[in-house]
Amino acid sequence: MPSHRQFRAIKGTRDILPPDSALWNWFEQTARETLESYNFREIRLPIFEDTELFARSIGAETDVVGKQMYTFEDREASIDRFTGDLSSFLEALEAGIKKGVIPAVPSNLAFLRAFEDDVVSQFESLTQIARRSDLQKPHELEGKLRSLEEAIPRSLLAARQQLRLGAELSLRPEATASVARAYIEHGMQTLPGNQKLYYLGPMFRRERPQKGRYRQFYQIGAEVLGQSDAPAIDAEVLEMLLVLFNKAGLGDTKLYINSIGCKDCRSQYVELLREELRKKKDKLGPDSQRRIETNPLRVLDSKLPEEQPVIEKLPRISDHLCGACRQHFSELEDELRLREICYEKNWRLVRGLDYYTRTTFEVAATGLGSQNAVCGGGRYDGLVELLGGPPGVKGMGFAIGTDRTILSIEHSGRAPHLPGLSVLVARMGAAAYPLAVNIAKKLRARGLAVELLPQEMKFGKALGLADKLGARYALLIGEDEVASGRFTLKRLADADQRKLSENELLEYLESERRGSGA
RNA sequence: GUGAGCGUAGCUCAGCCGGUAGAGCAUCGGUCUGUGGAACCGAGGGUCGUGGGUUCAAAUCCCAUCGCUCACCCCA
């Protein structure tokens with residue numbers, strides 16, 4: 001049992017051990033193949049970014065940015081070269097901020113201002129004393145000067161401690177912001193066609209862990225960026241998702257779609273909603289009451305039973321979309337019918353991240369407890385421009401929660417049985433060893449998973465071990481095999497046993513491998 | 001941040017009203033020095049999450065604390 005001095009995985013993180021890791025790899029590989037069949041290509045992104053990138057794109061007021069990010073200060077600039085007298089320190093400080101060597105964050109600017117004020121006021125008091133004393137009280141002046149001299153190193157030391165010299169970075173809570181940043185940074189709007197990019201890897205959010213929710217969790221996501229916002233893009237993305245979940249054996253998934261409008265009609269609707277909610281405030285719980293002012297859309301997906309009658313009577317976004325948004329949504333529905341995609345409209349489906357516009361969607365699966373969304377996404381037409389990119393770039397994307405998807409696959413009972421150990425090589429006697437090493441190398445070169453026992457083992461024990469390790473074959477090499485030059489290969493499942501020359505063995509295992517598809 | 005449930009061997013758990021730890025599975029060895037899954041025999045492994053209190057005596061009762069799990073919040 002772990003005592004207090006035992007190391008354990010940090011809360012909300014976990015180890016994915018074999019054989020589970022094989023299922024993860026299988027699903028991720030399936031996702032890669034599916035996405036690539038739709039001409040998405042992988043983009044590999046950093047795990048951390050400038051905090052401001054997430055604040056701007058996801059929304060500074062959202063929970064994700066406001067309280068769930070792992071944020072830290074990078075160690076970079078050194079203040080040592082700013083030592084010296086006060087005025088040159090001040091100059092260096094100002095220049096550093098101007099050049100970006102020292103981050104122009106509010107705390108640094110405030111510090112600079114306070115520091116300046118301090119220096120100026122000290123200087124003023126000094127000149128006052130000097131003027132007043134008129135050299136008749138040299139002791140007072142000297143004392144003041146000395147105390148100032150002592151104060152300078154202290155101020156510099158304090159400055160070093162108070163200044164935030166490194167950049168403020170955050171572990172990524174999601175990856176869409178990074179994709180948009182990369183798109184802008186590399187001028188990808190000049191590449192031909194839409195950019196269709198996918199990524200996969202860990203994300204980090206500091207939430208209370210529960211079933212299907214971890215602080216380090218994994219996502220597979222894809223984004224379409226470009227000049228076009230054609231509903232066909234949205235529809236293709238949804239088609240691709242359902243194809244993927246189908247391949248993964250998740251039969252019970254359900255697709256929900258909605259449109260939350262563009263920045264114009266949405267903000268009008270939000271105001272309307274807010275007014276309606278204010279009228280019914282007393283019928284809502286404290287959380288929803290708070291959201292009336294912070295984020296009225298979120299009231300819509302409240303699960304509180306007592307709030308449901310109120311919510312059902314609220315005005316619906318679908319009745320307040322502008323003409324263009326209404327048209328876009330209706331064309332999306334046509335596209336989905338064309339592709340024979342089953343879906344359900346859910347007018348209460350809103351997304352928690354600020355950048356979404358128009359189409360939003362979610363895929364729910366079974367076996368997950370209360371966190372049943374395995375995928376969420378939507379359109380984010382203004383994001384690239386918001387981040388300082390070229391105007392008119394539209395975006396559409398999603399993120400699959402890999403942890404939840406794996407849980408759901410396991411729950412479905414349709415997880416594929418994945419090939420493990422193919423051949424266990426056992427040997428007895430000194431003469432058998434070189435033979436064993438040699439044949440193991442050749443089998444491995446043909447892509448078979450081979451366990452070469454590191455020490456001699458009685459064949460009875462070796463077969464027992466092969467069985468427990470789940471090997472499909474045991475290759476036995478002893479005195480007889482050395483003498484005859486033929487290997488003994490035993491199939492564990494049905495005890496079929498044969499003696500084969502090296503060529504026959506390689507050929508036999510090759511054909512077996514093809515036959516079983518493993 | 002809020003609420004609830006649970007912490008005894010690697011895993012799953014037993015241990016009623018207090019008398020200072022047990023089973024099954026797993027691991028390793030043997031029966032079995034060239035043929036696995038079985039059976040039998042044996043071994044290793046726990047300061048009962050941690051700290052304090054009550055008591056002659058605490059895994060058991062009380063308090064605190066930490067951890068895990070689930071739900072709310074939020075989201076994938």
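Note on naming: letters A, B, ... go to the chains in the order of the sequence lines (proteins, then strands), and numbering restarts at 1 for each one.
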Under 4.0 Å, heavy atoms only, any strand: does [X] hit a base, just the sugar-phosphate, or nothing?
X	result
A/G478	base
A/E479	base
A/A399	sugar-phosphate
A/G369	sugar-phosphate

For [N], what is the paired nucleotide under Watson-Crick or G-U wobble rules, both distances under 3.5 Å?
N	result
B/C61	B/G53
B/U35	none
B/U47	none
B/A4	B/U69

Figure out the [atom1]/[atom2] separation between [X] and [N], and round it to whole Å.
X	N	atom1	atom2	answer
A/N372	B/C72	CG	P	10 Å
A/K461	B/U27	NZ	P	11 Å
A/R404	B/A76	CZ	P	8 Å
A/L465	B/G36	CG	C1'	10 Å
A/L349	B/A76	CG	P	10 Å
A/R427	B/U33	CZ	P	19 Å
A/R213	B/C68	CZ	P	15 Å
A/R291	B/C75	CZ	C1'	12 Å

Salt-bridged, [X] to [Y], with N to O below 4.0 Å?
X	Y	answer
A/E42	A/R44	yes
A/E207	A/K11	no
A/E504	A/R498	no

Kindly indicate whether the side chain of [X] and the base of [N] share any N or O donor-acceptor pair separated by less than 3.5 Å?
X	N	result
A/Q497	B/U35	yes
A/E207	B/A76	yes
A/E481	B/G34	yes
A/R290	B/C73	no
A/K490	B/U35	yes

For the [atom1] atoms, the ones on [N] and on [M], what distance do you get once it is rounded to whole angstrom?
N	M	atom1	result
B/A23	B/G15	P	15 Å
B/G67	B/C25	P	35 Å
B/G24	B/U35	C1'	29 Å
B/A26	B/U69	C1'	24 Å

Within 45 degrees of the axis of the six-membered ring of A/Y214 and under 6.0 Å from its centre: does A/R14 put its NZ or CZ there?
yes

Between [options], which nucleotide has the shortest distance from any of its atoms to the side chain of [X]?
X	options	answer
A/Y356	B/C74, B/A76, B/G36	B/A76
A/F459	B/C28, B/G34, B/A76	B/G34
A/K468	B/U27, B/G36, B/C75	B/U27
A/K11	B/C68, B/U33, B/A76	B/C68
A/R208	B/U33, B/C72, B/G36	B/C72
A/L476	B/A76, B/U35, B/A71	B/U35

Does [X] put a side-chain nitrogen or oxygen below 4.0 Å from OP1 or OP2 of [N]?
X	N	answer
A/T62	B/C74	no
A/Q371	B/C73	no
A/Q219	B/A76	no

As a quick check of understanding, evaluate side-chain contact (heavy atoms from CB on, under 4.5 Å) for A/E507 and A/L500, giving each step before the final call.
CA-CA 10 Å; A/E507 200 173 306; A/L500 303 166; over 6 Å; no

Under 4.5 Å between any side-chain heavy atoms of [X] and [Y], yes or no?
X	Y	answer
A/V237	A/M396	yes
A/K499	A/F487	no
A/L452	A/R444	yes

Taking for each residue the nucleotide of RNA chain B with the nearest heavy atom, is it A/Y214 or A/P209 whose nucleotide lies nearer the 5' end?
A/P209

Would you mind telling me which residue lines up with the more 5' stretch of RNA chain B, A/A9 or A/F217, judged by nearest nucleotide?
A/A9

